[in-house]
Participant: 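The structure follows.
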Amino acid sequence: MTNGQIIALAIGLIALVGAIGIFSLAFRRERTKSTVGTFDREAKVASRRRSKEVGAASPDAGTVTTLVEEDDAATTAEAPVETEVITVTRNQFDESRRRFLNRAIGASFGLYLAAFLGTTLAFLWPKLQGGFGSVIDAGDVDEIRRLTATPEGRIQPLYIAEAQSYVMPFEESEAAGTSFDGIPVIAGGFTALWQKCVHLGCRVPWCASSQGFECPCHGSKYNAHGEYFAGPAPRNLDRFQVAVENGRLLINTGIVEQTPKADKPTIVYPQGPSC
Ligand code: FES
């Protein structure tokens, strides 16, 4: 599992806990609602009682209970329709408004959280097709062989930006008995080194004169096969799984392979002055 996937899962977990918190809050508010509902019914009964009292005391003086007559014919044919006016107190009104505002705030926060989670996951999750995190076609093996050797017989990395990798010559026979033996990080005579320094993640540039990778941040150095040579880096440069299909080198940037420092490096470093 890559670091991006771990971060994505951690964010997902945090968002899930947040969502559970919001739903718990909403559920608690629902329970509160039932208490208020009881109160509303009581208020309704009290209102009816008050209406009757007012009506009895002053039939002409305006009451909270009104009679609606639809038309003259209906008046004679049917009983008048009674419209009831419910009286609420100021506290009840405030309570209802507060409840509405709380729910609106909760819903807004939930929507924001969902949008944030979706955007973050979309950004971090490895792409299934194309781009870093997927299998990337680095090119024709013969062409790569031509590009990675100089006329002077020195190594020249082929940088594949989409894979964030340096493709380096590395024969399977050279890896026999090393930590690379048995893991699919060499194919067609090449390995694909991740450009990221394993100390704190700086991009490590190639140094043609020393024939190795030299990190500008804290001075870690690696040979042309990405094996640790010096500095605070804890291991070799990480690399991706590779394969050759139909004469083309494929780099699977979704699978990172870590290897320990080698006691006996597979290639000499340095082969000249450092950069
Ligand atoms: S990030 Fe490369 S040595 Fe620290």
Side-chain angles (χ1 to χ4, degrees), residues 1-11 120-121 123-127 131-136 138 144 147-150 154-171 174-175 178-187 189-242 249 251-275:
M1 189 176 280
T2 64
N3 289 342
Q5 286 173 310
I6 292 169
I7 293 169
L9 286 176
I11 290 174
T120 307
L121 284 178
F123 177 72
L124 291 174
W125 204 255
K127 293 177 188 168
F132 188 72
S134 67
V135 176
I136 294 176
I144 294 173
L147 292 172
T148 52
T150 67
R154 291 166 73 84
I155 294 173
Q156 175 64 44
L158 174 64
Y159 180 66
I160 308 292
E162 200 179 7
Q164 300 181 15
S165 307
Y166 296 101
V167 173
M168 305 297 297
F170 195 3
E171 294 297 334
E174 296 177 278
T178 70
S179 58
F180 309 113
D181 208 355
I183 52 174
V185 292
I186 303 173
F190 297 102
T191 193
L193 305 176
W194 197 357
Q195 65 181 18
K196 205 173 77 167
C197 181
V198 295
H199 178 223
L200 290 178
C202 292
R203 181 182 166 187
V204 191
W206 169 250
C207 176
S209 56
S210 68
Q211 290 282 281
F213 295 91
E214 299 176 0
C215 184
C217 294
H218 312 101
S220 288
K221 294 179 179 178
Y222 313 84
N223 68 20
H225 291 164
E227 292 168 295
Y228 172 87
F229 177 78
R235 59 180 184 274
N236 299 330
L237 281 178
D238 293 338
R239 59 201 69 215
F240 300 110
Q241 291 193 358
V242 287
L249 181 70
I251 304 174
N252 187 349
T253 54
I255 304 178
V256 181
E257 296 284 0
Q258 298 181 353
T259 52
K261 295 175 180 177
D263 295 332
K264 190 169 172 293
T266 54
I267 192 169
V268 176
Y269 175 88
Q271 299 181 24
S274 291
C275 293

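Everything numeric here is computed off the predicted structure, so don't read it as measured data. Counting starts at 1 for both ligands and their atoms, following the listed order.
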Participant: To the nearest 0.5 Å, how far apart are CD1 in I136 and CD1 in I160?
Facilitator: 9.0 Å
Participant: Where does C215 meet ligand 1, judged by heavy-atom distances below 4.0 Å: at the side chain, the backbone, both, or neither?
Facilitator: side chain
Participant: So, C197 with C215, SGs under 2.5 angstrom?
Facilitator: no
Participant: Could you tell me which atoms of ligand 1, counted from 1 in the order shown, lie closer than 4.0 angstrom to a heavy atom of C202?
Facilitator: 1 (S)
Participant: Please report which non-hydrogen protein atom sits nearest to atom 1 (S) of ligand 1, along with the residue it belongs to and the distance in Å to one decimal place.
Facilitator: L200 N, 3.3 Å
Participant: Which single N/O/S atom of H199 lies at minimum distance from atom 4 (Fe) of ligand 1?
Facilitator: ND1
Participant: Return the orientation label for the F213 and Y166 ring planes: parallel under 30°, perpendicular over 60°, tilted otherwise.
Facilitator: tilted
Participant: Ring centres under 6.0 Å, that's the criterion: do Y222 and W206 meet it?
Facilitator: no
Participant: Tell me whether the rings of H225 and F170 are parallel (<30°), tilted (30 to 60°) or perpendicular (>60°).
Facilitator: parallel
Participant: Numbering the atoms of ligand 1 from 1, which are under 4.0 Å from a heavy atom of C197?
Facilitator: 1 (S), 2 (Fe), 3 (S)
Participant: For E174 and T266, does a side-chain donor sit closer than 3.5 Å to a side-chain acceptor?
Facilitator: no
Participant: Which of the atoms in ligand 1, numbered in the order shown and given with their element, are less than 4.0 Å from a heavy-atom of S220?
Facilitator: 3 (S)
Participant: If you check every N/O/S atom of H218, which is the one nearest atom 4 (Fe) of ligand 1?
Facilitator: ND1
